[in-house]
Amino acid sequence: MEAPLYPDFPPDSSIPRGSQPAFWVGPRHLAGDDGRLYDVVADALAGLGWTSLTIVRGRYKVDEAPEDRQVLRSTVLHISPDALRWAQWGLADEPFHLGELPIAWQISARAEASSPLAQWSAYFTRDVPGEAVVDFLVALDASDQPAVPLAGSELVLDAVAAHGWFRDIDQPQAAATDPTFTSHISLGEVPPLIQDVDPRALSAEDDETGPAGWQAWAEPALGAPCLWAASFAASVPHDLVAAFAASLSSTAPVLRRVLPEATQECLLRAPAF
């Protein structure tokens, strides 16, 4: 079990961010999102030249002052310059859940700008390390054909194995886990409602298995709630998932001020000066 490098100086989430001490933290896959998943990803997209559009829906009552209006849904849509890919942030009043956690980012791509449908979508809950989502988006932005697979599924497992993750004994070609057996990535059945252009995703009967897609999640303790979850539709190119997997499993420390309660005792950390 990993332990804090400086146990006498644990981060205190009650301290305002401005005075919260910063730490270099590892492993990355258990470090959470620092409470900044939107900002980190949105800043990266702005740097890539993507434009953003905010859509707000609220509940309005007669004679209600504007400042008292309750916003039920706020969605920010980021669109790439070629309009072939987009990323949507929205924690809604009726959120779409993954691993019993609400989806924060939904990222999609299509083959042609004239097509009204996404070729595939990928989903990320809060506490997915922002670095991994950003690296997925950077790879997506750099792809000339974001809806076309350029490599096989082995690329994903090779990416995590290079950082010390173990292949699953029973499914060595389809699953891997980190050395502490808390985070996992697996190629298999896709959860319901995951958007994919593959018609088999919609036509599979109850007793049939649809096309396989990559799923990743962190479970701090056996039977405990997931810290985070990510789901990739079957048509997401493996090279893009590999970019996410390589970043997620990276041994490079990340800067954090706020650590997830569920994994604080599992993290190595050193003060950032």
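Numbering of residues begins at 1 and proceeds along the displayed sequence.
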Using the rule that two of Ile, Leu, Val, Met, Phe, Trp, Tyr join whenever any of their side-chain heavy atoms come within less than 4.5 Å, decide whether [X] and [Y] are in one cluster.
| X | Y | result |
| --- | --- | --- |
| Leu137 | Leu77 | no |
| Leu155 | Leu140 | no |
| Trp217 | Phe124 | no |
| Leu267 | Trp24 | no |
| Val156 | Leu187 | yes |

How many angstroms lie between [atom1] in [X] and [atom2] in [Y], if you round to the nearest 0.5 Å?
| X | Y | atom1 | atom2 | answer |
| --- | --- | --- | --- | --- |
| Ile103 | Thr125 | CD1 | OG1 | 6.5 Å |
| Arg85 | Leu240 | CZ | CG | 9.5 Å |
| Ser250 | Arg28 | OG | CZ | 4.0 Å |
| Arg256 | Gln20 | CZ | CD | 13.0 Å |
| His29 | Ser183 | NE2 | OG | 4.5 Å |
| Gln106 | Thr75 | CD | OG1 | 10.0 Å |

Any idea which heavy atoms bring [X] and [Y] closest together, and the distance?
| X | Y | answer |
| --- | --- | --- |
| Ser108 | Ala118 | CB-CB, 3.9 Å |
| Ala147 | Gln119 | CB-CG, 3.5 Å |
| Leu157 | Ala174 | CD1-N, 3.6 Å |
| Ala176 | Val160 | CB-CG2, 3.8 Å |
| His78 | Trp50 | O-CE3, 3.6 Å |
| Glu112 | Leu84 | C-CD2, 3.5 Å |

Open item on the list: Applying side-chain contact (heavy atoms from CB on, under 4.5 Å) to Arg257 and Asp34, what does each step give before you reach the verdict?
Closed with: CA-CA 6 Å; Arg257 295 181 183 274; Asp34 206 28; 3.8 Å; yes
Look only at the side chain of [X] and the backbone of [Y], and say whether a donor-acceptor pair between them is shorter than 3.5 Å.
| X | Y | value |
| --- | --- | --- |
| Glu219 | Gly223 | yes |
| Asp239 | Ala151 | no |
| Arg110 | Ser115 | yes |

Does any non-hydrogen side-chain atom of [Y] lie less than 4.5 Å from one of [X]?
| X | Y | answer |
| --- | --- | --- |
| Leu248 | Trp165 | yes |
| Val40 | Val133 | no |
| Trp86 | Ser80 | no |
| Leu37 | Trp89 | yes |
| Ser121 | Gln88 | no |
| Asp168 | Thr177 | no |
| Asp158 | Arg167 | yes |
| Pro211 | Val190 | no |

Open item on the list: Let's go through Leu53 and Ile79 carefully: what are the C-alpha distance in whole Å and the side-chain angles of both, what is the deciding distance for side-chain contact (heavy atoms from CB on, under 4.5 Å) to 0.1 Å, and is it a yes or a no?
Closed with: CA-CA 8 Å; Leu53 172 67; Ile79 306 172; 5.7 Å; no
Task: Mutual orientation of the aromatic rings belonging to Tyr38 and Trp105 [parallel < 30°, tilted 30-60°, perpendicular > 60°] - done: parallel
- [ ] Give a yes or no on whether Asp144 atom CG has more than 12 heavy-atom contacts from other residues, nucleotides or ligands under 6.0 Å away.
- [x] no
- [ ] Please name the residue in the list Leu259, Leu30, Val25 that meets the side chain to side chain contact (heavy atoms under 4.5 Å, CB included) test with Gln264.
- [x] Leu259
Task: Side-chain H-bond candidate by donor/acceptor type, Trp214 with His238, under 3.5 Å - done: yes
Open item on the list: The test is side-chain contact (heavy atoms from CB on, under 4.5 Å); show your working for Phe181 and Phe166 and say whether it passes.
Closed with: CA-CA 9 Å; Phe181 300 98; Phe166 304 134; 4.2 Å; yes
Open item on the list: As a quick check of understanding, evaluate side-chain contact (heavy atoms from CB on, under 4.5 Å) for Cys226 and Leu101, giving each step before the final call.
Closed with: CA-CA 8 Å; Cys226 288; Leu101 299 170; 4.1 Å; yes
